[in-house]
Amino acid sequence: GTRVRSKSPQAARAGAVAVWSATAEGDRVAALRGSGIEPPVAPASGTRGALRVLHALSRWYSAMPEEDAGLGVAIDHARRLLRPGSRLLVLADAASAAAVPARDWAAVGAHCDALVLLLDDPVERSPPWARLGFVQGEGRVDLDLASEAQRARWRDAFDAPRDTAVQQLRRAGIGVESLSSNAASD
């Protein structure tokens with residue numbers, strides 16, 4: 001299961017590595033999320049630009065923003081804001097990426113160099129063959145993952161969205177990689 005870090009800190013770490021890498025190459029950096037209220041972090045170069053983006057990533061990944069409209073809204077913003085030739089890095093879980101309409105991914109892929117890092121957790125990819133307990137709200141849910149029927153539902157919940165997302169992204173000409181929460185961020 002989750003032994004090193006959860007997906008949100010891993011996303012923030014990967015985002016930070018990408019920001020410093022782009023800054024070192026002389027690129028301007030910006031950030032946006034799925035919000036109808038919060039404006040994107042405007043593109044800027046150098047340390048000032050990097051620090052503004054890192055501050056935003058820190059806020060967004062430390063706690064779920066109150067008004068979060070989802071990845072689809074972020075991709076719509078990116079589609080309208082990015083200029084041809086821009087580079088785009090998307091940090092998302094597979095279910096969020098799979099929920100974005102294929103036409104939106106195609107529009108992004110046609111205008112910029114995009115890479116989607118699909119974040120996952122080892123327990124999602126390879127659950128134990130045992131009873132696994134989860135806290136849900138005020139209660140607890142126990143899943144018997146030694147049961148083939150329960151494992152099939154688990155695969156439907158985690159593998160099917162990943163497969164859908166990978167197919168949509170590849171068809172749109174967008175690079176896609178997996179980033180496990182226990183992997184090195186660089």
[X] versus [Y], closest heavy-atom pair with distance:
X      : Y      : answer
Val108 : Ala114 : CG1-CB, 4.2 Å
Gly133 : Asp142 : CA-OD1, 3.2 Å
Gly109 : Ile174 : CA-CG1, 3.8 Å
Ser35  : His77  : O-NE2, 2.9 Å
Ala165 : Ala94  : CB-O, 3.9 Å
Leu115 : Val176 : CD1-N, 3.9 Å

Test of understanding: clusters of I, L, V, M, F, W, Y form through side-chain heavy atoms closer than 4.5 Å, transitively. Do [X] and [Y] belong to the same one?
X      : Y      : result
Val17  : Leu88  : no
Leu89  : Leu169 : no
Val141 : Leu132 : yes
Leu51  : Val53  : yes
Leu117 : Tyr61  : yes

Applying side-chain contact (heavy atoms from CB on, under 4.5 Å) between Leu118 and each of Val166, Leu91, Val90, report the one that passes.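 Among Val166, Leu91, Val90, the one meeting side-chain contact (heavy atoms from CB on, under 4.5 Å) with Leu118 is Val166.
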Criterion side-chain hydrogen bond (donor to acceptor under 3.5 Å, both in side chains) against Asp120, the qualifying member of Lys7, Gln10, Arg162: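 Result: among Lys7, Gln10, Arg162, Arg162 is the only option passing the side-chain hydrogen bond (donor to acceptor under 3.5 Å, both in side chains) with Asp120.
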Under the side-chain hydrogen bond (donor to acceptor under 3.5 Å, both in side chains) test against Asp121, which residue among Ser126, Ser181, Ser180, Ser6 passes?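 The residue from Ser126, Ser181, Ser180, Ser6 that satisfies side-chain hydrogen bond (donor to acceptor under 3.5 Å, both in side chains) with Asp121 turns out to be Ser181.
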Measure the shortest side-chain to side-chain distance between [X] and [Y] over non-hydrogen atoms and say whether it is less than 4.5 angstrom.
X      : Y      : answer
Glu38  : Glu67  : no
Pro128 : Val123 : yes
Trp20  : Leu54  : yes
Thr23  : Thr47  : no

Straight-line distance of [X] [atom1] to [Y] [atom2], nearest 0.5 Å:
X      : Y      : atom1 : atom2 : answer
Ile75  : Asp104 : CD1   : CG    : 8.0 Å
Asp93  : Phe158 : CG    : CZ    : 9.5 Å
Glu124 : Leu119 : CD    : CG    : 9.5 Å
Cys112 : Leu82  : SG    : CG    : 5.0 Å
Glu148 : Trp154 : CD    : CH2   : 14.0 Å
Asp76  : Leu81  : CG    : CG    : 9.0 Å

If the condition is side-chain hydrogen bond (donor to acceptor under 3.5 Å, both in side chains), which residues does Arg153 pass it with, not counting sequence neighbours?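 In terms of side-chain hydrogen bond (donor to acceptor under 3.5 Å, both in side chains), with neighbours along the sequence ignored, Arg153 is linked to Gln150.
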Around atom CZ of Arg83, are there more than 12 heavy atoms of other residues, nucleotides or ligands at under 6.0 Å?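 Check fails, neighbour count at 12 or below.
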Does CD in Glu66 sit with more than 12 non-hydrogen atoms of other residues, nucleotides or ligands closer than 6.0 Å?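 No.
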If we ignore hydrogens and angles and just use 3.5 Å, is the side chain of Arg171 paired with the main-chain N or O of Trp105 as donor and acceptor?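 Flag not set: sc Arg171 to bb Trp105 has no pair under 3.5 Å.
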